[in-house]
Amino acid sequence: MTPIAPTKPRSFLEQVEAGTPGDSRLSMCIQCGTCGGSCPSAEDMDYSPRQIFAMIRADMKDRVLRSNSPWYCVSCYYCTIRCPQEVHITDIMYTLKHMAIEADLYRDSAAPDLSNTFVSYVENNGRSFEFGLATRHYLKHQPLNLVGAAAMGLEMFSKGRMDWRPEKIKQTKQLRAILKRAKAIEASQKMEAVA
Amino acid sequence: MSKYLFYPGCSLQRSARPYLDSLVAIKDDLDIELLEIDDWNCCGATEYISVARLPAYALNGRNLALAANQSNGTSTVVAPCSACYLNLAKTDRYMRIDPDLNASVNDALAAGGLHYDPGTVTVRHLLDIIYHQIGIEAIKRKVVRPLTGLRVAPYYGCMIVRPDYENRFGSPEYPDVLDQVLRALGATVVDFPVKTHCCGGHMTQISPPVAYELIRRLIYAADSYQADILATLCPMCQLNLDAYQDDMNKHFATDYSVPIVYFTQLMGLAFGHEPQELGLGKEMVDPRPALAKVGVAVEGMVSAETTSTKRHSQRRRKDDPSLPMPQPLIKEEDAS
Ligand code: SF4
Ligand code: SF4
């Protein structure tokens, strides 16, 4: 047996950078705060985007992935176009979301569940399904709001703006094969990264 | 006649059906042909990429590959939804600049017998095509029912103007491409200060109060600027501002009533089409009082109750703790 050379585990910063396509420029952040100041959700986030980036550099993986910040990002891209260092902030927020799902760290599950429900419709049918998404999600997380949502849903049905059933593409098998392969590749890349 | 590959996206099949109907109604006026990408799949919205990265890119890769295979004299893909547009454009871009991602996406696509070389197709938003390829002058020539006197708030939302990789819209924060299109229809376009602010995105599902505040800012601004109607170009924006306006009103004890329509519906009206053909009348907030201003009557509208709107009444809550918005600067001549 060959001895395994002791390797330094990758820092959280490196993991986030590796998980974001292209050059995220995360390490270029100068902590100016422009992102948080531009963010419509910052007020409701546990930590502003700037704080999140400081915490990533401080290797506070657990706290970052437990926070609601990435899930409260509405993908408005204001931070991204205003950042003087051109950090790809919105893309990094997406990276943090799937890292949190993977590590199973985000406790208030409403947001990841919404994403997961959405994904299950897409994977099974090739199309998303607004009615199923809203009701399944509301049933689980906001049963009281479901009454209001149902009333609105009914009006949407009567106006021909909602379906009872999801649409389906023809080549669902092909799509599933592609997604399955993509997941396998991603999993093996992660194994390499850890090794 | 210019041909385009067309990616409608899931919303246009249902909740945003009026967007599709109105686009189909005006495509001859605009002299464009739209070839729907055969068997396209969902773009994943903002949710798929939150769960998994590579599958999200492969999902969009399939659409790009199908489009490339079908490109018959055209390599431009038109998407009317801002989220679809950005997902497709982003996938093509990141596959171009990130060779590892490109290899992995193509590895996945091969499992379905597909391949995509990034850059083969160009992804553009419908507004971009209408403004840059068809042009303001051609639009003006088609107007037979000018929207004179109709005060319209032009609303862009986020993902069309940001990040705007190819700088097609001039400004990521204060563009005026849509303003110009609406002006060409004869409408009075208000100088809408929050034209590129967020509609709330998926927060209507995750944490409604957060979304309500974002919706309130937009509706409040449209109301303050005395807009009769708000024109949008994205199904998500339309849904949030229209279907959740009532909930927002309940949440803040306000009674705003700003109808939300697609810019293509206003184009259709100005080009002389009938409201039914354009899918008008399917809104949750009644657009009839606004459209009556330009002599358009929407018949057969299903509505739970007849709206009694006291326009321009004092709607702001007394204890409103939110930041004050810039006061509207309404010039005498257009306040008529
Ligand atoms: S705007 Fe850019 S540089 Fe400034 S704190 Fe945010 S990420 Fe860092
Ligand atoms: S993209 Fe997300 S993090 Fe950036 S300003 Fe918008 S909501 Fe905030």
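Model, not experiment: these values are computed from the prediction. Chain A is the first sequence line, chain B the second, and so forth, proteins listed ahead of strands; every chain is numbered from 1.
- The main-chain N or O of B:Thr196 is found under 3.5 Å from a side-chain atom of A:Tyr78 such that the two form a donor-acceptor pair.
- Around atom CZ of A:Arg63, no more than 12 heavy atoms belonging to other residues, nucleotides or ligands sit under 6.0 Å away.
- Looking at heavy atoms from C-beta onward, A:Glu186 lies in side-chain contact with B:Pro55 at the 4.5 angstrom threshold.
- Within the 4.5 Å cutoff, no side-chain heavy atoms of B:Met203 are placed close to those of A:Trp71.
- Of the atoms belonging to B:Ala83, not a single heavy atom falls under 4.5 Å from chain A.
- Distance check: B:Cys42 SG to A:Arg127 CZ gives 9.0 Å after rounding to the nearest 0.5 Å.
- Rounding to the nearest 0.5 angstrom, the gap separating the OG atom in B:Ser50 from the NE2 atom in A:His98 is 8.0 Å.
- Between A:Arg82 and B:Glu173, at least one side-chain nitrogen of the basic residue sits less than 4.0 Å from a carboxylate oxygen of the acidic one, meeting the salt-bridge criterion.
- At a 4.5 Å heavy-atom cutoff, the contact between A:Thr20 and chain B is made by backbone atoms alone.
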Check the pair A:Asp91 / B:Tyr94 against side-chain hydrogen bond (donor to acceptor under 3.5 Å, both in side chains), numbers first and verdict last. CA-CA 11 Å; A:Asp91 287 339; B:Tyr94 281 145; 2.4 Å; yes

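- A:Gln174 and B:Arg62 share a donor-acceptor pair across their side chains, judged by distance under 3.5 Å alone.
- Rounded to the nearest 0.5 angstrom, B:Arg53 CZ and A:Gln189 CD are separated by 7.0 Å.
- For the atom pair CD1 (B:Ile206) and OG (A:Ser115), the distance works out to 6.0 Å, reported to the nearest 0.5 Å.
- Ranked by non-hydrogen atom pairs under 4.5 Å with chain A, the options B:Pro172, B:Pro163, B:Gly201 are led by B:Pro163.
- The candidate from A:Ser41, A:Ala182, A:Pro40 with the greatest count of non-hydrogen atom pairs under 4.5 Å with chain B is A:Ala182.
- Residues A:Ile178 and B:Leu59 are not in side-chain contact: their nearest non-hydrogen atoms beyond the backbone lie 4.5 Å or more apart.
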Derivation and outcome, side-chain contact (heavy atoms from CB on, under 4.5 Å), residues A:Tyr94 and B:Thr46: CA-CA 9 Å; A:Tyr94 286 129; B:Thr46 51; 3.4 Å; yes

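- Among the candidates B:Gly113, B:Cys199, B:Gly9, B:Ala111, the residue making the largest number of heavy-atom pairs closer than 4.5 Å to chain A is B:Ala111.
- In this structure a side-chain-to-backbone donor-acceptor pair under 3.5 Å is missing from B:Asn41 to A:Gly126.
- A distance-only check finds a donor-acceptor pair linking the side chain of B:Arg162 to the backbone of A:Cys76 [under 3.5 Å].
- In terms of heavy-atom pairs under 4.5 Å with chain B, the best-connected choice from A:Met93, A:Lys170, A:Lys183 is A:Lys170.
- Using modelled atom types, no side-chain atom of B:Glu47 and backbone atom of A:Phe118 make a donor-acceptor pair closer than 3.5 Å.
- In this structure, A:Arg181 CZ and B:Ser104 OG are separated by 9.5 Å, a value rounded to the nearest 0.5 Å.
- Heavy-atom pairs under 4.5 Å with chain B peak, among A:Glu123, A:Lys173, A:Lys180, at A:Glu123.
- The candidate from B:Leu114, B:Leu109, B:Asp107, B:Ile97 with the greatest count of non-hydrogen atom pairs under 4.5 Å with chain A is B:Asp107.
- Note that the CG atom of B:Asp39 and the CD1 atom of A:Ile169 stand 4.5 Å from one another [nearest 0.5 Å].
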